[in-house]
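Keep in mind it's a predicted model, so treat the numbers as computed, not measured.
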Amino acid sequence: MSAAVKYTLGRLGLFVAVLAGLWFVDMDIFLKLILALAFSAALSFFLLRGFRDEMAEEMAEAAERRRTEKERLRSALAGDDKPATSDSDADSDPPSDQPSR
């Protein structure tokens, strides 16, 4: 399971747990929801640090993979990536843009 899913489920679980704790307190439902959201956000900052760090590492690795792939594609499109040539190709003249007559 990815770290983002774990972190999201942890945040939702904390929200539900805090809301369940506030359920029997006599106050408006919207105030309960707002308080549950605020308290669960504060608790997740401390309790879900490991999941958050793991998710940040996965996101950084994915960004680095995308960056290197983007650079590889740009260099291939610019013609910087030269395919491996065999010995017989090295002896021949490079192709020109002019058609042969």
Side-chain angles (χ1 to χ4, degrees):
M1 182 181 323
S2 75
V5 172
K6 290 179 201 176
Y7 183 70
T8 302
L9 290 176
R11 288 289 304 257
L12 286 173
L14 278 174
F15 175 75
V16 169
V18 172
L19 184 61
L22 291 173
W23 193 256
F24 298 106
V25 177
D26 187 30
M27 66 176 75
D28 187 42
I29 185 69
F30 294 114
L31 184 57
K32 287 180 190 179
L33 291 171
I34 290 171
L35 286 174
L37 183 65
F39 287 139
S40 68
L43 285 172
S44 72
F45 183 74
F46 298 106
L47 298 177
L48 301 177
R49 179 184 307 255
F51 290 150
R52 189 173 54 248
D53 292 342
E54 187 180 339
M55 182 175 65
E57 287 176 14
E58 282 184 8
M59 291 173 67
E61 289 170 2
E64 183 62 31
R65 279 194 310 269
R66 284 192 304 269
R67 188 176 308 114
T68 57
E69 182 65 16
K70 183 178 179 180
E71 289 172 4
R72 187 189 67 77
L73 288 173
R74 281 191 176 171
S75 66
L77 288 172
D80 295 340
D81 271 354
K82 295 180 178 144
T85 59
S86 65
D87 291 335
S88 62
D89 291 341
D91 296 335
S92 65
D93 293 329
S96 66
D97 292 341
Q98 301 287 330
S100 60
R101 295 179 191 220

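- Side-chain contact between L33 and L37: absent, with no pair of heavy atoms (C-beta onward) separated by less than 4.5 Å.
- Around the CZ atom of F15, the shell of radius 6.0 Å holds more than 12 heavy atoms that belong to other residues, nucleotides or ligands.
- Cluster annotation: F30 and V18 are assigned to distinct hydrophobic clusters (Ile/Leu/Val/Met/Phe/Trp/Tyr, side-chain heavy-atom contacts under 4.5 Å, transitive).
- Here K70 contributes atom NZ and R74 contributes atom CZ; the two are 4.5 Å apart, rounded to the nearest 0.5 Å.
- To the nearest 0.5 angstrom, M1 atom CE is 11.0 Å from T8 atom OG1.
- A salt bridge links E64 and R67; the closest N-O separation between the charged side-chain nitrogens and carboxylate oxygens is under 4.0 Å.
- Taken to the nearest 0.5 Å, the CG atom of L12 stands 12.0 Å off from the CG atom of L19.
- What you find for L14 and L43 is that their closest heavy atoms are CD1-C, 4.1 Å.
- In summary, E69 and R66 do not engage in a salt bridge, as defined by a charged side-chain N under 4.0 Å from a carboxylate O.
- Side-chain atoms of K32 come within 3.5 Å of backbone atoms of W23 as a donor-acceptor pair (strictly under, hydrogens ignored).
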Could you give the side-chain donor-acceptor pairs of residues 45-57 under 3.5 Å, partners two or more places apart or in another chain?
residue, atom, partner, partner atom, Å
R52, NH1, S44, O, 3.3
R52, NH2, F45, O, 2.9

